[in-house]
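Below is one structure, written out as structure tokens, with a few remarks after it.
Index from 1, following the sequence.
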Amino acid sequence: MCGIVGYIGERKAYPILIEGLRRLEYRGYDSAGVALLSEKSLEIYKEVGKVADLEAIVPDKEHFQTLGVAHTRWATHGEPTQENAHPHSSVSQDIVVVHNGIIENFMLLKRRLLDDGYSFRSETDTEVIVNLIESECKKGKVGLETAVNKALQQLHGAYALAVLSKSQPNKLIVARKGSPLAIGLGKNNAEFFVASDAIPMVEYTQDLIYLNDNEVAVLERGKKVEVKDIHGKSKNYKVKHIELDRNMVTKGEYEYFMLKEIFEQPETLANTIFSHLSEKEDTIYFEGLEKLKKQLSEARRIVIVACGTSWHSGLIGEYLIEELARVPVEVEYASEFRYRNPIIRKGDIVLAISQSGETADTLAALRYSQKQGATTFAICNVYGSSMAREADFVAYTYAGVEIGVASTKAFTAQVAVLSLLAVAMGLENKVLEKKRAKELMKELRVIPELVQKTLQQDFDIENVAKDFLDTTSFLYLGRGVNFPVALEGALKLKEVSYIHAEGYPAAEMKHGPIAMIDENLPTLIVGTNEAYYEKIVSNAQEVKARKGTIVAVVNENDKELSAIADYVMKVPEVDDFLQPIIASIPLHLFSYHVAVMKGCNVDQPRNLAKSVTVE
Ligand code: AGP
């Protein structure tokens with residue numbers, strides 16, 4: 001949610017900032033801006049729209065400045081307009097700020113500043129921050145660093161900030177509370193990069209400092225980074241060496257990241273599965289599992305907290321863990337959980353699932369659970385993210401960087417980790433027969449191959465998609481472990497094509513949604529589970545009896561359901577419990593093709609942002 005980039009060093013800042021914004025555009029894309037500072041000048045450019053729109057208004061000149069900040073916005077306070085776009089400058093135009101997050105008490109602070117004679121050009125909370133810093137500088141006759149600290153002490157809410165000042169043209173100050181921010185270290189402290197995540201920096205450095213909440217860092221050419229708390233007390237920090245493949249952050253031969261990421265799944269699933277499962281022996285490995293094993297086997301229950309797509313993988317986790325490990329599982333929307341005073345006690349395991357590891361509600365749910373004495377376990381895709389750092393245990397999904405706003409490869413990687421976790425827990429708890437566990441591990445090893453095979457039907461799925469471009473609403477049905485697959489399929493279609501879609505447990509159809517079925521409401525049925533096959537065939541008959549069109553995802557040797565359905569997408573047969581991964585692939589491709597043929601930008605769907613770091 002909003003992307004921040006900053007640079008201070010010896011190179012020209014502008015190209016680094018613009019390329020950085022392009023890489024962060026998945027975080028927000030309603031407006032963008034850049035500020036460039038030198039001893040002689042401060043230039044600020046802002047525009048509504050994409051980074052390309054910003055570039056178009058920046059005059060073609062040398063841009064010699066070696067210090068600057070930039071921002072791509074996902075609007076919270078105020079519509080996407082040029083005035084509301086970042087960077088924001090103070091009344092005197094001396095101080096400039098870019099911000100990701102929400103300041104909850106901004107109205108109160110704004111009123112105080114208005115009383116003190118400050119005026120505002122935008123409706124944003126960020127303009128309040130920049131003027132607050134300026135007022136602290138003037139009131140206390142203090143330097144920029146102290147003024148930033150004093151201002152931060154008054155802010156309630158979340159922020160990642162980068163601050164620069166005309167009167168201190170050799171300094172870039174950054175701070176974080178609740179929203180992510182990383183500092184990239186150049187050689188010999190000659191230059192520093194700042195960004196909301198590692199992606200804009202991979203070209204230049206792999207050594208990063210991830211700021212913690214309530215930390216402020218001052219970046220000056222030639223000086224070692226100093227990290228302090230907001231009261232000026234020095235803090236220790238660790239430099240993390242990360243290795244990111246540059247190809248991961250480019251589209252390569254694909255038109256969209258979403259398609260690239262769908263097609264990467266054989267590789268990302270292999271990476272995920274074989275990072276946790278030995279290729280030859282039947283051993284499942286999670287970092288810290290030895291320690292966690294005891295707690296897992298003694299757990300009274302597991303509470304899964306997540307949002308959106310990750311919540312759907314949590315639901316699949318519930319089916320898997322309860323069936324294979326016989327531990328009770330509850331799955332909660334993190335946003336509801338954190339505010340409803342949930343009962344969490346010592347002995348509970350709280351599993352936070354998140355691609356980004358930064359989703360504000362999931363992070364808050366994890367922190368709440370820790371305070372209540374639960375053991376926390378995060379399943380995250382982004383290395384070094386807040387959840388990965390703060391949870392007691394972490395299992396990474398190794399799906400690589402996911403840039404498409406609609407999650408695809410991260411979802412299937414989460415389901416793979418949950419499948420492995422369920423098998424490991426089942427064995428540990430001695431409720432899963434070794435023979436069955438071996439079979440599941442054997443099948444998990446071939447999942448990447450089967451996904452590859454499923455992807456070969458891309459062309460056929462595109463043909464199916466062609467017939468649904470004018471559809472306004474879709475029903476998705478599934479049973480058992482495929483019910484959350486249906487929910488996720490419906491979410492994907494909504495997100496990228498803006499077609500209304502509703503996921504339902506197939507048997508629940510009779511309790512309401514069946515009223516809507518007629519020739520204008522198509523139903524997509526995920527009908528691959530052996531266990532419920534007869535029942536799902538009956539559900540399909542019920543749809544047909546009401547003239548509903550059926551698109552069915554079926555096993556490759558399927559006969560009955562295929563005979564009833566109007567359109568069929570075939571997938572290779574696997575154990576019922578591993579089907580969610582395979583059955584999701586045609587749903588990804590279907591949503592993608594419908595949306596692209598409708599002319600939608602699937603990588604940046606309207607109103608969405610990749611990482612929801614505000615509540
Ligand atoms: C996925 O397609 C969505 N854009 C969204 O629902 C996402 O899954 C949700 O915001 C949670 O994100 P996280 O996994 O990074 O926590």
Side-chain angles (χ1 to χ4, degrees), residues 2-75 78-90 92-100 121-124 126-127 130 160-166 168-172 174 184 191-197 199-204 219 221 249-251 403 601 603-604 609:
C2 296
I4 289 180
V5 199
Y7 176 77
I8 178 166
E10 290 160 350
R11 314 181 205 211
K12 286 182 182 169
Y14 180 70
I16 297 173
L17 297 173
I18 285 291
E19 184 52 31
L21 282 190
R22 242 185 250 120
R23 299 255 173 103
L24 283 187
E25 206 165 17
Y26 69 93
R27 299 181 70 92
Y29 31 81
D30 59 45
S31 48
V34 58
L36 299 163
L37 180 67
S38 73
E39 308 262 343
K40 296 181 209 114
S41 71
L42 170 67
E43 290 170 33
I44 299 181
Y45 305 99
K46 320 202 257 194
E47 186 56 302
V48 175
K50 304 275 166 80
V51 175
D53 298 302
L54 170 68
E55 274 185 280
I57 63 136
V58 176
D60 194 12
K61 43 187 196 175
E62 201 208 345
H63 301 301
F64 58 89
Q65 299 90 338
T66 53
L67 168 57
V69 290
H71 187 268
T72 174
R73 180 168 185 248
W74 185 88
E79 282 181 33
T81 60
Q82 206 177 33
E83 293 73 35
N84 288 335
H86 299 215
H88 288 283
S89 51
S90 60
S92 73
Q93 310 277 319
D94 178 65
I95 301 170
V96 172
V97 164
V98 287
H99 167 220
N100 169 22
R121 295 175 291 261
S122 77
E123 299 153 87
T124 64
T126 309
E127 202 183 357
V130 71
L161 292 174
V163 185
L164 46 84
S165 160
K166 262 196 320 202
Q168 309 242 345
N170 294 314
K171 239 180 218 177
L172 177 59
V174 291
E191 58 180 354
F192 301 99
F193 305 83
V194 172
S196 302
D197 62 39
I199 300 172
M201 306 192 261
V202 286
E203 228 95 343
Y204 311 103
L219 309 176
R221 298 177 189 88
V249 297
T250 57
K251 277 189 268 195
I403 290 185
N601 179 346
D603 283 346
Q604 296 172 355

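Across all non-hydrogen atoms, the minimal contact from V48 to Q82 is CG2-N, 3.4 Å. For the residue pair S122 and N84, the shortest heavy atom distance occurs at CB-OD1, 3.2 Å. Between V194 and M201, the closest heavy-atom pair is N-SD, 4.2 Å. The heavy-atom pair separating G20 from P200 by the smallest distance is CA-CB, 3.6 Å. Minimum interatomic distance between I4 and S196 (heavy atoms only, all atoms of both residues): N-OG, 2.8 Å. Of all heavy-atom pairs between R73 and H86, the closest is CD-CD2, 4.0 Å.
Listed for the H63 side chain is no donor-acceptor partner under 3.5 Å among the backbone atoms of D60. The backbone N or O of P80 sits nowhere less than 3.5 Å from a side-chain atom of D30 that would complete a donor-acceptor pair.
When V163, L42, L37, L36 are each tested for a side-chain contact (heavy atoms from CB on, under 4.5 Å) with V96, only one passes: L42.
Note that CD1 of I199 is 7.0 Å distant from CG of L24, once rounded to the nearest 0.5 Å. Separating the CD atom in E83 from the OG atom in S31 is a distance of 10.5 Å, to the nearest 0.5 Å. How far CD1 of I95 is from CG of L164: 9.5 Å, rounded to the nearest 0.5 Å. Note that NZ of K12 is 13.5 Å distant from CG of L17, once rounded to the nearest 0.5 Å. Atoms CD1 and CD1, on I8 and I16 in that order, are 12.0 Å from each other to the nearest 0.5 Å. Atoms CG and CD1, from D53 and I57 in turn, are 9.0 Å apart once rounded to the nearest 0.5 Å.
T124 is not listed as a side-chain neighbour of H99, based on a closest heavy-atom distance of 4.5 Å or more. Side-chain contact check for I18 versus L54: some heavy-atom pair is nearer than 4.5 Å. Contact of the L172 side chain with the F192 side chain is not registered, since no non-hydrogen atoms from C-beta on lie closer than 4.5 Å. Annotation: side chain of H71 is not in contact with side chain of T126 (no heavy-atom distance under 4.5 Å). Side-chain contact between Q604 and K50: present, with at least one pair of heavy atoms (C-beta onward) separated by less than 4.5 Å. For the pair S92 and K166, the minimum side-chain heavy-atom distance is 4.5 Å or more.
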For the pair L67 and R221, evaluate side chain to side chain contact (heavy atoms under 4.5 Å, CB included) and give the outcome as yes or no after the intermediate values. CA-CA 10 Å; L67 168 57; R221 298 177 189 88; 3.8 Å; yes
What do the steps show when you test R22 against E25 for salt bridge (Lys or Arg N to Asp or Glu O under 4.0 Å), and what is the final call? CA-CA 5 Å; R22 242 185 250 120; E25 206 165 17; over 6 Å; no
Set out, in order, the CA-CA distance, both residues' side-chain angles and the distance that settles side chain to side chain contact (heavy atoms under 4.5 Å, CB included) for I44 and H88, then state yes or no. CA-CA 9 Å; I44 299 181; H88 288 283; over 6 Å; no
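Judged by distance alone, the side chains of E191 and Y7 do bring a donor and an acceptor atom under 3.5 Å apart.
Applying the ring pair (Phe, Tyr, Trp, His ring centres under 6.0 Å) rule to Y45 yields no partners; only residues at least two apart in sequence or on another chain are considered.
Crowding of Q93 atom CD: a count of heavy atoms from other residues, nucleotides or ligands under 6.0 Å exceeding 12.
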